[in-house]
There are 2 protein chains.
Amino acid sequence: MAGIKDVAQAAGVSVATVSRALSGRGSVSTAAQEAVQRAATELGYVVSSSASGLASGRTRNIGVLVPVINHWFYASVLEGISSRLMDEGYDTTLYQLTKDRIQREKIFSDFLLRQRVDAVIAVNVELDAEEVQSLHALDKPLVGVGGPLPGVPTLHVDDEGISALATQHLISLGHRRIGFIGGNEETDVDFRVPTHRRTGYEQALHKAGIQIDDNLCVGADFTMPQAYAAAKQLLGNPAGRPTALMAASDEMAIGAILAARDLGMQVPRDLSVIGVDNHDLSEMFGLTTIEQRPHEQGELAVAMLLRAIRGEEPAHAHKVDHRLVVRSSTTRPLDAA
Amino acid sequence: MAGIKDVAQAAGVSVATVSRALSGRGSVSTAAQEAVQRAATELGYVVSSSASGLASGRTRNIGVLVPVINHWFYASVLEGISSRLMDEGYDTTLYQLTKDRIQREKIFSDFLLRQRVDAVIAVNVELDAEEVQSLHALDKPLVGVGGPLPGVPTLHVDDEGISALATQHLISLGHRRIGFIGGNEETDVDFRVPTHRRTGYEQALHKAGIQIDDNLCVGADFTMPQAYAAAKQLLGNPAGRPTALMAASDEMAIGAILAARDLGMQVPRDLSVIGVDNHDLSEMFGLTTIEQRPHEQGELAVAMLLRAIRGEEPAHAHKVDHRLVVRSSTTRPLDAA
DNA sequence: CTGAAAGCGCTAACAG
DNA sequence: CTGTTAGCGCTTTCAG
């Protein structure tokens, strides 16, 4: 393992010059620059992150907090974050916050304090004041994906706006009896995404002068199987079946489509369905949806974080836009034909 | 930020004793042990990983190499790895190896050499001799999930055995015309999982004296949409349609089920389908499958790695077992009734 | 069992 | 632009 001294010797300069040439901090003559570069490559020299981190206080490593990994949204955001960070020469260290409070505390009281990371990206985890405080105290920049997080630059979609748009799409097609598949208590933690999406749905109905019918609203855990089951109950009920359904996620929307099919209904003829996400599977089901691009959200979060690390303007709360993607799962209601 | 000196002072001992007490290396009197513990807690002291890493050469951080994150198998393995590592007080640093050769080289020539990790887990990435060598040269233990990897302890399922079992299940039900949905060139990299699964399929047919029919074998990219398309072609062909289908993954099997349905066929009456994985969605589709538990594979890999780090017996190549989970997507062929 | 002290490999004043 | 040098905060001999 070649050290900085070896490089200095081979290049015929001092270790300070090597450090400067390789890090780009401070000025170095072109000649020295080249000599160092050559020597480093030849010797296969790579700085030791521990030594560099100890001396400079910078680790070139970012901590990413996620509640789960095995889920389309989180995995996508993570991919966006890690690929962008890698481009910038940063490493990505992953901290999975389970429901376990003890473990969560351990992450904040041990893992994040051991100075392994320069900054933190929190993906859909609602940090409490104390947690934010402890990060600020360490002078670690923090950016949130999903928010808001008081005093923290965050990046988030407009959940209410998204579901209002989805609902309006259905209304504009002529639907009046519109069902809703949202979250359950378990999923309505952190930023209460399910609640916001429900609110947007209700606002859109309200604005259109449509009465809200609680019997048309069911909850699930954002997975296809639970939504399938919930939709079956909803659609199987002979009394006042909806002509359209909005689901708070595409996976749930797909579950609903499958439930409808299993009940012998045709989508969109007998039932229009709209989701939220533009999931990888949506196109195959012809699902109309509101797109949010988690991969891009991850990349954007990195951009915001790097600005913060470099001490540039904070670039506070930032809304990520969404767009309606119309496919073949929505149409006018039969009776309006 | 309290340092080790502060703790030493507060506990009335030397920094050496604090280090020993907190790391568990070397012996410390109970009295000192307690004093240190108390002082550390009181001051909120956490060792600096840079300083500790620099002095000891140990970072308590493991690098995990994955080809993709946003995929059920990898995300599951990753969850298993990270949760297990966290329990052991280790951090997880993620390196995503894209198809980009340049970036891959960068990971091996820069990222992994900067001494940020103590060891590496490679998940389904076929490291070449040079890459393995460069890790060994650094004295970094390496464990592979998916294999084999020459000279490296690996953990892997028996891909041929899995698909042989799946195929035998269909044969035992009476099927003779059994189709196969495998991978394509793009997915047949690294450990050639698609090839192995195809081999197992062919072996089972061969053993049963059934002729292999290339027209019954199609390729896809392990996703539901491509398998849906491929299955439609296969099943729509009027000449010699299969009575059963084995897919190299559950997502593909589900794609096939949906394709069959869209062609008006009933599963399992008109077509039996079996997959591999026991994916989260499989139960909802009643899919018969061969289970592999990626989360557990991740945990096991960590266990193997920790042994290696501690210099214990290597515990070489280790086969992970699989099991047949019979649900409702397979039955005897119609004409055998 | 404990303390003193010598680094670990690099960065960042500082002086030139 | 460059070299010298004093640490960064901890671990680990080595003596005691």
Side-chain angles (χ1 to χ4, degrees), chain A residues 1-37 39-40 43-61 89 110 113-118 138-139 309 311, chain B residues 1-37 39-40 43-61 89 110 113-118 138-140 309:
Chain A
M1 209 57 220
I4 197 172
K5 281 187 195 162
D6 304 309
V7 178
Q9 193 160 27
V13 296
S14 72
V15 295
T17 300
V18 173
S19 174
R20 284 189 280 251
L22 260 28
S23 70
R25 311 189 143 235
S27 30
V28 178
S29 69
T30 327
Q33 177 69 255
E34 282 170 2
V36 169
Q37 210 77 58
L43 296 172
Y45 171 75
V46 177
V47 323
S48 149
S49 60
S50 305
S52 169
L54 178 56
S56 71
R58 282 172 268 109
T59 63
R60 293 198 79 77
N61 187 24
D110 284 18
L113 299 188
R114 48 193 188 203
Q115 319 251 61
R116 195 192 291 297
V117 302
D118 287 341
L138 292 172
D139 212 49
I309 288 176
Chain B
M1 210 56 223
I4 197 173
K5 280 187 195 162
D6 304 309
V7 179
Q9 193 160 28
V13 297
S14 71
V15 295
T17 298
V18 174
S19 175
R20 285 190 278 252
L22 260 27
S23 70
R25 312 189 143 235
S27 31
V28 179
S29 69
T30 327
Q33 177 69 255
E34 282 170 3
V36 168
Q37 210 78 57
L43 296 171
Y45 171 75
V46 177
V47 324
S48 149
S49 59
S50 304
S52 170
L54 178 57
S56 71
R58 281 171 268 107
T59 64
R60 293 195 80 77
N61 186 25
D110 285 18
L113 299 188
R114 48 193 188 203
Q115 319 252 58
R116 196 192 291 298
V117 301
D118 287 341
L138 292 172
D139 212 48
K140 300 267 173 261
I309 288 176

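Residue numbers start from 1 in every chain, and the chains themselves are labelled A, B, ... in the order their sequence lines are given, proteins ahead of strands.
For B/Ser52, no side-chain nitrogen or oxygen approaches OP1 or OP2 of D/dC10 to under 4.0 Å.
For A/Ser19 (side chain) and A/Val15 (main-chain N/O), no donor-acceptor pair under 3.5 Å exists by modelled atom type. Of the possible donor and acceptor atoms, one in the side chain of B/Thr59 sits under 3.5 Å from a partner among the backbone N and O of B/Arg116.
Scanning DNA chain C for stems, defined as runs of 3 or more consecutive Watson-Crick or G-U wobble pairs whose donor-acceptor distances all fall under 3.5 Å, gives the following ranges: C:1-16 with D:1-16.
Residue A/Arg58 is in sugar-phosphate contact alone, with no base atom involved, counting any heavy-atom pair closer than 4.0 Å across all strands shown. Contact annotation for A/Val13: backbone-only contact, meaning every heavy-atom pair under 4.0 Å involves sugar-phosphate atoms and none involves a base. Among the protein residues, B/Arg25 comes within range of the sugar-phosphate backbone only, with heavy atoms under 4.0 Å from sugar or phosphate atoms but none that close to a base.
Between the CG atom of B/Leu54 and the P atom of C/dG9 there is a distance of 7 Å, rounded to whole Å. Here the P atom of nucleotide C/dC10 and the CE atom of A/Met1 are 8 Å apart, to the nearest Å. Rounded to an integer number of Å, the gap from A/Arg20 CZ to C/dC14 C1' is 11 Å.
Considering only heavy atoms from C-beta on, A/Val36 comes within 4.5 Å of A/Val13 through its side chain.
Residue A/Ala32 is the one, among A/Ala32 and A/Val15, whose nearest nucleotide of DNA chain D lies closer to the 5' end (criterion: closest heavy atom).
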